[in-house]
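In what follows, a single structure is set out as C-alpha cells and then discussed.
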Amino acid sequence: MTELILSLDLCDRRQAASIAESCAPYIDAVKVGYPLVLSAGLGIVQDLAGLGLPLIADFKVADIPNTNRLICDAVFSAGFDAVIAHGFVGPDAVRTCVEVAHDRGGAVYVVAEMSHPGAVEFFHGGVAERIATLAVNCRADGIIAPATRPDRIGRLREIVGRRTIYSPGVGTQGGDIDTVAGLVDGVIVGRSIYEAEDPAAEAKLLSRIRR
Ligand code: 3DU
C-alpha cells in the first residue's frame, strides 16, 4: 500500500485544521512545516491530534548535533510522530536526530534529494547517493526522494532497500502519481489537494494509489 501524505502548507490555523479534517478519511498522515507552524503556532499540533493520523514535522533539521537534539526534543514534545532532517550536515548530526526520535518512539526521514529544478546543482553527482547511504548507516527510518525524477527514486531505492521512501513533488511540481506510487512507500501532496475546489474529493481521488 502506498501512503498518501497531506502536506498542510497553509498559513491559517482554522483553514488548515478544517482541510485536514475533511481529507482525513482518505490520507495516511499529515506533514506540517514552517509555513503553518510559524503562522499558526505549535498549537496546531493539538488541533490535528484528534484526527488520529501520524503527524510529520517537516523542519528539514540541519544543524550541529546539540541544536538538532534540542529541535527534535521540542518536535516530539509537541506531539509530532516523525521529523524530516537534512543529511548533508553529516552523520553525527543525523544520528542525534535518530537517537532522540527513537527514544521517543518516533521516526526520522532524511532528505536524500529534493524535487525542485535547482536541486540538481548540489544533489546530483553522487551527493544524493551518499546521503542515502548515510541515512542507512545512521539507522534513519527512511529518506525523502523526488517524485519529479522517478529514475532517481530507483537509484536511491537500490541504496536504502526496504527502508521507507516518501516522495514529494506530485501534481503541482510536475510529478505523476501513477508513475511514482509503485516506487515509493508514500507520496507527499500539498497544493494539488489543499488548493483544489474540493480538497476532500481530490484526496479521495489520489487515494486510489492505496489500492
Ligand atoms: O508541491 P506541493 O504543494 O505538493 O508540496 C510539497 C511539500 O513537500 C512542500 O511542503 C515542500 O516543502 C515539501 N518538499 C518538497 O516539495 C520537496 C522536497 O525535496 C522536500 C520537501
Side-chain angles (χ1 to χ4, degrees), residues 2-12 15-16 19-20 23 26-40 44-45 48 53-62 75 80 82-89 94 97 107-124 127-132 134-135 140-153 155-157 160 164-181 183-197 199 202-203 205-207 209:
T2 307
E3 294 174 33
L4 177 61
I5 300 164
L6 172 62
S7 184
L8 204 54
D9 297 315
L10 293 148
C11 296
D12 181 87
Q15 188 193 15
I19 288 181
C23 294
Y26 313 112
I27 61 177
D28 301 286
V30 178
K31 182 176 82 66
V32 173
Y34 293 116
L36 182 54
V37 166
L38 293 178
S39 310
I44 187 68
V45 181
L48 299 174
L53 293 169
L55 300 179
I56 302 171
D58 184 3
F59 295 151
K60 296 192 178 68
V61 182
V75 160
F80 283 103
V83 67
I84 294 176
H86 266 304
F88 65 80
V89 282
V94 171
C97 296
V108 176
Y109 303 104
V110 174
V111 179
E113 177 174 327
M114 298 187 73
S115 57
H116 60 300
V120 303
E121 177 86 10
F122 291 112
F123 283 100
H124 282 194
V127 172
E129 287 85 342
R130 287 174 63 192
I131 294 174
L134 179 149
D141 299 272
I143 61 165
I144 306 294
T148 48
R149 295 183 210 96
D151 56 317
R152 298 291 300 154
I153 295 174
R155 173 71 190 108
L156 295 169
R157 173 64 80 193
V160 303
T164 297
I165 299 182
Y166 285 148
S167 192
V170 159
T172 311
Q173 293 185 53
D176 174 46
I177 195 163
D178 293 315
T179 307
V180 173
L183 305 173
V184 301
D185 301 276
V187 293
I188 296 170
V189 184
R191 287 165 289 178
S192 295
I193 294 177
Y194 67 73
E195 287 182 352
E197 202 158 312
E202 188 62 23
L205 193 70
L206 294 175
S207 71
I209 59 166

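First listed ligand is number 1; within each ligand, the first listed atom is number 1. Fair warning: this is a prediction, and the values are worked out from it, not measured in the lab. Only heavy atoms go into these numbers, but all of them, side chains included; no hydrogens, no water, no symmetry mates.
Counting non-hydrogen atoms of neighbouring residues, nucleotides and ligands closer than 6.0 angstrom, the CZ atom of Arg157 exceeds 12 such neighbours. For Tyr34, the OH atom counts as densely surrounded, since its 6.0 Å shell holds more than 12 non-hydrogen atoms of other residues, nucleotides or ligands.
Ion pairing between Arg152 and Glu129 holds under the 4.0 Å rule for side-chain N and carboxylate O.
Ranking protein heavy atoms by distance to atom 17 (C) of ligand 1, first place goes to Ser115 OG, 2.9 Å. What sits closest to atom 21 (C) of ligand 1 on the protein, heavy atoms only, is Lys60 NZ, 3.3 Å.
Considering backbone and side-chain atoms alike, Lys31 places an N or O below 3.5 Å from some N or O of ligand 1. Checked against a 3.5 angstrom limit, the closest N/O atoms of Gly190 and ligand 1 fall inside it.
When the options Met114, Gln173, Glu195 are ranked by their closest heavy atom to atom 19 (O) of ligand 1, first place goes to Met114. Selection from Ser7, Pro168, Ala119 by nearest heavy atom to atom 18 (C) of ligand 1 gives Pro168.
Remark: the Gln173 side chain and the Ser115 side chain contain an N/O donor-acceptor pair separated by less than 3.5 Å. Between the side chains of Glu3 and Tyr166, at least one donor-acceptor pair of N or O atoms lies under 3.5 Å.
Within the structure, the closest approach of Asp9 to ligand 1 falls below 4.0 Å when heavy atoms are considered.
The only option from Leu8, Val30, Val75, Ile44 that meets the side-chain contact (heavy atoms from CB on, under 4.5 Å) definition with Leu55 turns out to be Val30.
Neither the backbone nor the side chain of His116 comes within 4.0 Å of ligand 1, counting heavy atoms alone. Proximity of Arg191 to ligand 1, defined as any heavy-atom pair under 4.0 Å, is shared by backbone and side chain alike.
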